[in-house]
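Report on the structure given below.
Note on naming: letters A, B, ... go to the chains in the order of the sequence lines (proteins, then strands), and numbering restarts at 1 for each one.
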There are 2 protein chains.
Amino acid sequence: MVPRRKTRVAAPPPVCPLTTCMRLLGGAWTPNILWYLRESPRRFSELKGDLQGVSAKTLSARLRKLERDGVLSREVKPTSPPTVEYRLTTLGGRLIPAIEAIVDVGHQLKRLRAVR
Amino acid sequence: MVPRRKTRVAAPPPVCPLTTCMRLLGGAWTPNILWYLRESPRRFSELKGDLQGVSAKTLSARLRKLERDGVLSREVKPTSPPTVEYRLTTLGGRLIPAIEAIVDVGHQLKRLRAVR
DNA sequence: CTGTATCCTTGGCGATACTG
DNA sequence: CAGTATCGCCAAGGATACAG
């Protein structure tokens, strides 16, 4: 008679690094924003075009939160008309490998089956 | 009088690989569920204990969706009282590297600063 | 133990209009 | 161009009660 196994899954993270990170990625458009910033800075309207269907309000809110979280930086260019450039910070860059892993799985899924 | 209609025109989101994969991971507890299943099967109440604070309704809903998506399988054991085991499918296993990448960033964040 | 049914609150997000 | 303000819908999710 085997006693009830104590499947304490390895070292269950106390306050969950997973949750810690997912708080940064939370929100419908957040991963996509970071994805489009992964190689070069983008302007507000460029991002709005990249993320087909996002509202200005939501994009603005996400960008401000990501800035507060230290994931990206905002720079106003003294041009006319004014333009604003967003770019990943060092911290933001650390998130890219995780997003790449997600994108990679997405590719696998598309090959495996026609996903809706 | 018919109040003016609130143009309910859901914009079809672009289906990039990132979005494709995030649909599987969408939902507050989903990544954590997969994380706790990564090494061994777990029962309903075990998962409920792992995910401190999740309601039975939500956990049930997430598990059913993940089952429909082919990410995990559900097996009813003919014991008394009945127990149910959930385990990752092959497809579910493919998601683990992505989640590990997220967990890894979470660890980095915790080292870098005290994250709320 | 393993869920499902019902009710209710919260907030995420789009749409629209307006500002610098 | 780059946002902010306001409105309102709707779905995610907790609480609770109930069922097999």
Residue list, side chain to side chain contact (heavy atoms under 4.5 Å, CB included) with A:Thr90, at least two apart or on another chain: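 Partners of A:Thr90 by the side chain to side chain contact (heavy atoms under 4.5 Å, CB included) criterion, ordered by chain and then number, come out as A:Arg94.
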
Expressed as a whole number of angstroms, how long is the span from [X]:[atom1] to [N]:[atom2]?
| X | N | atom1 | atom2 | value |
| --- | --- | --- | --- | --- |
| B:Glu85 | C:dT2 | CD | P | 10 Å |
| B:Lys65 | D:dA11 | NZ | P | 15 Å |
| A:Asn32 | C:dC13 | CG | C1' | 15 Å |
| A:Glu75 | D:dC1 | CD | P | 19 Å |
| A:Arg64 | C:dC13 | CZ | C1' | 14 Å |
| A:Glu67 | D:dG3 | CD | C1' | 13 Å |
| A:Ile33 | C:dC13 | CD1 | P | 10 Å |

Charged N-O contact under 4.0 Å between A:Lys48 and A:Glu46: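 Looking at A:Lys48 and A:Glu46, the cut-off is not met.
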
I'd like to know if B:Glu67 pairs up with B:Lys65 as an ion pair, taking the criterion as any Lys NZ or Arg NE/NH1/NH2 lying under 4.0 Å from an Asp or Glu carboxylate oxygen.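 B:Lys65 and B:Glu67: not salt-bridged.
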
With sequence neighbours excluded, residues passing side chain to side chain donor-acceptor pair (under 3.5 Å) with B:Thr58: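 For B:Thr58 the side chain to side chain donor-acceptor pair (under 3.5 Å) partners, ignoring immediate neighbours, are B:Ser55.
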
Going by side chain to side chain donor-acceptor pair (under 3.5 Å), name the residues that satisfy it together with B:Ser45, two or more places apart in sequence or in a different chain.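 Applying side chain to side chain donor-acceptor pair (under 3.5 Å) to B:Ser45 gives B:Arg43.
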
For DNA chain D, determine which residues of residues 55-62 of chain B have any heavy atom closer than 4.0 angstrom to one of its atoms, and list them numerically.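 Heavy-atom contacts with DNA chain D come from B:Ser55, B:Lys57, B:Thr58, B:Arg62.
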
Give a yes or no on whether the backbone of [Y] and the side-chain of [X] come within a donor-acceptor separation of less than 3.5 Å.
| X | Y | value |
| --- | --- | --- |
| B:Ser73 | B:Thr89 | no |
| B:Thr83 | B:Thr79 | no |
| A:Thr30 | A:Gly26 | yes |

At a heavy-atom distance below 4.0 Å, what parts of residues 38-49 of chain A sit against DNA chain C?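 By residue number: none to list.
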
What does the inter-axis angle of the helix from C:dC1-D:dG20 to C:dG20-D:dC1 come out as, five pairs per end, nearest 10 degrees?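 The end-segment axes of the helix from C:dC1-D:dG20 to C:dG20-D:dC1 are tilted 50° relative to each other.
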
Starting the side chain at C-beta, find the nucleotide from D:dG13, C:dC13, C:dC1 nearest to B:Ala28.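 Among D:dG13, C:dC13, C:dC1, the one nearest the side chain of B:Ala28 is D:dG13.
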
Could you walk me through whether B:Asp104 and A:Cys21 pass the side chain to side chain contact (heavy atoms under 4.5 Å, CB included) check? CA-CA 9 Å; B:Asp104 187 52; A:Cys21 185; over 6 Å; no

Residue whose closest nucleotide on DNA chain C lies nearer the 5' end, A:Gly27 versus A:Pro82: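 So the residue in question is A:Gly27.
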
Is there a side-chain polar atom (N or O) of B:Arg74 under 4.0 Å from OP1 or OP2 of C:dT2?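 Checking C:dT2 against B:Arg74, no side-chain N or O comes under 4.0 Å of OP1 or OP2.
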
Identify the heavy atoms of B:Arg62 and B:Gly27 that sit nearest to each other, and give their distance.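 Looks like NE-CA, 3.9 Å.
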
Quick one: are B:Leu59 and B:Trp29 in side-chain contact, heavy atoms under 4.5 Å?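 No, their side chains stay 4.5 Å or more apart.
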
